[in-house]
Structure formats: structure tokens, C-alpha cells
Protein chains: 2
Amino acid sequence: MTTEAPISLLIVDDHPVVRDGLRGMFASAPGFTVLGEAASGVEALERAAALDPDVILMDLRMPAGGGVAAIAELTRRRARAKVLVLTTYDTDSDTLPAIEAGATGYLLKDAPRDELFSAVRAAAQGRTVLSPAIASRLVSAVRAPRAPGNEPLSPREREVLGLVAKGTSNREIARELFISEATVKTHLTHLYAKLGAKDRAAAVAVAYERGILG
Amino acid sequence: MTTEAPISLLIVDDHPVVRDGLRGMFASAPGFTVLGEAASGVEALERAAALDPDVILMDLRMPAGGGVAAIAELTRRRARAKVLVLTTYDTDSDTLPAIEAGATGYLLKDAPRDELFSAVRAAAQGRTVLSPAIASRLVSAVRAPRAPGNEPLSPREREVLGLVAKGTSNREIARELFISEATVKTHLTHLYAKLGAKDRAAAVAVAYERGILG
DNA sequence: TCCGGCATCGGCCGATCGGTTGATGCGGGG
DNA sequence: CCCCGCATCAACCGATCGGCCGATGCCGGA
């Protein structure tokens, strides 16, 4: 447990407040050095190349240059830096893409300081760190080996989805299709899982992306 | 008020039950003759050409051949028949399109018999008949002379919409954008109006249709 | 024959949504 | 200077949603 060379960091977040908070947090803790900051994915790539940090703390969901794309690019470049995703919500739809892209860990911003520190140390060593919520999501994703979204929808599910896209409520869909509201909800639950969507709005979006609708 | 020649009808609905119900209703009432039925928009066009009815009772939302398209085609052909839309819900997103396409009236299926009869008589004379709910919607649509959907979204509204399409909840959007949940709801209400959408799912669908998303 | 997908249904619950009303401040165009 | 669009916020409420449990029946492939 002796103090070795400090772990060098690059902080990537579009919110200055968050960047300052992280910088301060790591500045006051021993064993870390914040090399620099970036406010977007593209900027992160530049800074990473220039500063060569051990660990990159990266937010997803940034206006200019998505975090996932940046991670993928770092992986492609075989960058030495380990990427630790630091996001706000476990509901983030980019969770799986980020990990697929090569993120070493995935933490929620509300994680306690110590957890964050140990996560960074773990990431520096190449070990994977996941928030409990993320972890449980991952296992279920792994348990279903299919690509999380390529599962085909059943005819009935497509029918329900089409009505959803028109703004039809569950009750209306039920009457429209001569089935009960419970059945509509069942179809919805199933197609949420198949599409990897969190709610009806996201389901519609995914459906359009995949060409199922429109 | 003397009984003239009976009003001839064509019934268009994909549900046999509904067709039977309407047929029986008009068969037992004096002054009406049901010439035939159709189960889709395309079939309606054929039958209308062959039977030359005075009034067409048309459901929207049919699997094969949408009702709105059929109405538009009848209008284009300068068909003699008046189209009376008979739909199930006033929330139907096709309300305005149907009227624009040339529908003479728009009734809800739960209208009382007598209201239906007088509506058909009115339609036969070319008079417009609207359900109260539809009527109120129309005035608000007219009050806003712009095309009901071409209103551009403000930058903030697009931002909110983008997050909605990712399945983000209002509360999450609020934190993400550093605003209150109330403000998020305000933006949503506004963009629903601008897009002519009933809820977030429909808003996402419209946005994809218009190329605002995707 | 048994398993799995599909479609159907029920009940319960907390969380979320959408509508309503009303208000403030800012900036630009008439 | 006033009006309007935009962005911000509040409080309330009923309706709706989504998750969770479980259950039945049909059919087709292994």
C-alpha cells in the first residue's frame, strides 16, 4: 500500500461546475494528478493525445461530440488511458454502448468520494468498476446474448407500437385492438425489452432508428 | 320535412361487428338505404365508384388503406358522395388531416342513434357536422393559422425533445439542463402544440417524420 | 411430448405525466 | 414604447404509465 507514482487524470465534462468539483476533489486527495480538462468528446481526444493521462473521467451526453464516440475513438487508437465513465443516471441509454466502446468502468456521479477514488485506482490498473445498478443491468444484458435491440418484434407488438407512435393511450389501444389494457401493457413491456427502450417515447425513437416505423 | 328519396349509404370499417351494427341501425330506420360495405380504404374507393352512395360512413385507422388517403382520393375524383368520418376517439391524430382531405363531418362512434341519423341527413345535404369535442379542437386549430405542425421548435424545445427520445424522464431532463421540472413541462406542452402531438411518444414520432430527430 | 414464443388476462402499486393557471424577466420588432 | 416569443418557475390534480407478481391457452419445433 505504499504510495507509488500519482495517477494522472483527464476530466471530461461539459459542465464547468462538475469539472471544478472533480478537479478539487482529486487535488485534495493524495495519489492523483489532474493533468487537464475537456468539455467535449473531440476536445477530450486532443487533450488525451497531448497529456497522455492514466485515467480519463468522462461524462456521456455532451452537446459537442458525444462521449461514446470519443471512447470508441480512443479504443481504436489503442490509447494507453483507461476510460472511467462518470454519468448522472443509471437510466442512461448509452450505458451499454459506452462499455462496448471500451470504457473500463462506469460510475454514477452520486457515488461517495472514496468509492470514486478507489474506482479510479482500480481503473488505472485496468480493473473494471461498475456501479451496482449498472452491474445488474449488464448481467441481464449478457444473459440475453442477442444484440440488445435486434430482436424482432412480433406482429402484435408492431401493431401496438404503431399506435403508441400516434399518441394513443393504452386504454385506447386496447379498445382499438379488441384486447384488454393488461394485454397492451404486456406487449409494451416486451417491446421495451426488445428495443432496449425505457418508455414509449424511447421505443418510438428506437423504432424509427431501426426503420420499424416511418 | 316530408320523406324524400332515401339516403343511400356506404359503410367503411375494418371491423365486421361495427359494419353490422351500422347496417342494422340504418336498416331499421326510415329514410336510409345501405348500398354496401367496405373493409379498407382501397375497397371503399372501388365500392364508392360502383355504388355511387349519397353518404359514406368511414372509419379511420384501418389496416389496409388508411381512411384519410381514401377521403383525399375521393375529393380528388370529385366524387358526389359526402364522407362522414365515424371514429372511436376524439384523440385521433387523423382528425385534422381527414377534414383537410375533404370529410364533410366527423363523429364519434359513441354518438347516440338519433345524432347519427341527423348527422347523416345533414351530411347528405352537404352540411358539416362535428362532434363537440372535434369542434372545439378545430376552432383552436383555426385560431392558429399556421400549418398545425410546421411551427419551428425553439432550440431549448429541440434539446428537451432529444432527451425525451432517449427515454429521459422530466426530472432527469431538468437536472440535465439545470432547469426546474416545471420548465421542462412547459417546454413539453409547447412542443406538443407545435408538433400536433398528444404525448411524448407521438412527439418523438412526429419529430422523426419531420426530420427533426434521427 | 415437452419446451418456448406468442397472445391473452388480472391486480396492485408508486412514479410519472399532462393539463391548468398564473407569474416573471429578457430581448427584438413594429 | 408596447407586444410577443422565449425561457424560466410554482402548485395542484387526475389520469396514465410501467413494474411486479402470476396465470391460461395455442401452436410449432425439437
Side-chain angles (χ1 to χ4, degrees), chain A residues 63 89-91 93 133 136-137 140 143-146 150-206, chain B residues 63 89-91 93 133 136-137 140 143-146 150-206:
Chain A
Y89 306 105
D90 62 335
T91 59
S93 63
S136 65
R137 179 186 300 196
S140 64
R143 204 166 29 189
R146 309 156 189 82
N150 288 337
E151 290 209 64
L153 299 187
S154 76
R156 205 51 159 173
E157 286 160 357
R158 277 193 301 275
E159 209 169 353
V160 170
L161 181 56
L163 291 172
V164 164
K166 290 203 149 207
T168 319
S169 76
N170 289 348
R171 188 164 306 164
E172 289 169 341
I173 294 173
R175 299 193 198 164
E176 189 90 13
L177 301 181
F178 296 111
I179 59 182
S180 87
E181 200 175 335
T183 305
V184 174
K185 292 175 71 174
T186 302
H187 288 315
L188 282 176
T189 302
H190 289 164
L191 68 84
Y192 291 158
K194 288 184 177 179
L195 296 177
K198 194 176 157 292
D199 57 29
R200 43 181 64 211
V204 168
V206 173
Chain B
Y89 306 104
D90 62 336
T91 59
S93 63
S136 64
R137 178 186 302 195
S140 63
R143 203 166 31 191
R146 310 155 190 83
N150 288 339
E151 290 209 62
L153 299 187
S154 77
R156 206 50 160 171
E157 286 160 357
R158 277 194 300 276
E159 210 169 354
V160 170
L161 181 57
L163 291 173
V164 164
K166 290 202 150 210
T168 320
S169 76
N170 289 348
R171 186 165 307 164
E172 288 169 342
I173 295 173
R175 299 191 199 164
E176 189 90 14
L177 301 181
F178 297 111
I179 59 182
S180 86
E181 202 175 333
T183 306
V184 175
K185 293 175 70 173
T186 302
H187 289 314
L188 282 175
T189 302
H190 288 164
L191 69 84
Y192 291 159
K194 287 183 177 179
L195 296 177
K198 193 177 157 293
D199 56 28
R200 43 180 63 210
V204 169
V206 173

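Computed from a predicted structure; not experimentally measured. What's counted below: heavy atoms across the whole structure, side chains too, no hydrogens, waters or symmetry copies. So that the names make sense, note that chain A is the first sequence line, chain B the second, and so on, each numbered from 1.
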*Please state how far atom OH in Tyr192(A) lies from atom P in dC17(D), giving the value in whole angstrom units.*
8 Å
*Between Arg156(B) and dG5(D), is there a side-chain N or O to OP1/OP2 distance below 4.0 Å?*
no
_Strictly below 4.0 Å: does Asn170(A) bring a side-chain N or O up to OP1 or OP2 of dC17(D)?_
yes
*Any side-chain heavy-atom pair from His187(A) and Ile173(A) closer than 4.5 angstrom?*
no
*Roughly how many Å is it from CG in Leu153(B) to P in dG5(D), rounded to a whole number?*
15 Å
*Contact under 4.0 Å: Lys194(A) side-chain N or O vs dG5(C) OP1/OP2*: no
*asked:* I want to check one thing: is the phosphate of dA15(D), taken as OP1 and OP2, less than 4.0 Å away from some side-chain N or O of Arg171(A)?
replied: no
_Between C1' of dT16(C) and CZ of Arg175(B), the distance in whole Å_ = 13 Å
*For Leu163(B) and dC17(C), give me the distance from atom CG to atom P, rounded to whole Å.*
12 Å
*In whole Å, what is the span from the CG atom of Leu188(B) to the P atom of dT8(D)?*
12 Å
_Quick check: do Leu163(B) and Glu172(B) have side-chain heavy atoms less than 4.5 Å from each other?_
no
*Looking only at side-chain atoms of Glu157(B), point me to the closest of dG18(D), dG18(C), dA7(D).*
dA7(D)
*Look at Ser154(A) and dG5(C) and indicate whether a side-chain polar atom (N or O) is within less than 4.0 Å of OP1 or OP2.*
no
*asked:* Under the side chain to side chain contact (heavy atoms under 4.5 Å, CB included) test against Val164(B), which residue among Val184(B), Leu191(B), Leu188(B), Asp199(B) passes?
replied: Leu188(B)
*Can you tell me the distance, in whole Å, between the NE2 atom of His190(B) and the C1' atom of dC4(D)?*
12 Å
*asked:* Are Leu153(A) and Val160(A) packed together at the side-chain level, in the sense that at least one heavy-atom pair is separated by less than 4.5 angstrom?
replied: no
*Between Ser180(B) and Thr183(B), does any side-chain donor sit less than 3.5 Å from a side-chain acceptor?*
yes
*State the OG-NZ distance between Ser154(A) and Lys194(A), to the nearest 0.5 angstrom.*
5.0 Å
*Can you list, by residue number, the residues of residues 177-187 of chain B that have a non-hydrogen atom closer than 4.0 angstrom to DNA chain D?*
Ile179(B), Ser180(B), Ala182(B), Thr183(B), Lys185(B), Thr186(B), His187(B)
*asked:* Output the rounded distance in Å from CD1 (Ile173(A)) to P (dT8(C)).
replied: 12 Å
*Would you kindly give the CZ-to-P distance between Arg158(A) and dA7(C), to the nearest whole Å?*
9 Å
*Smallest separation among heavy atoms of Arg200(A) and Ser169(A), with atom names*: NH1-CA, 4.3 Å
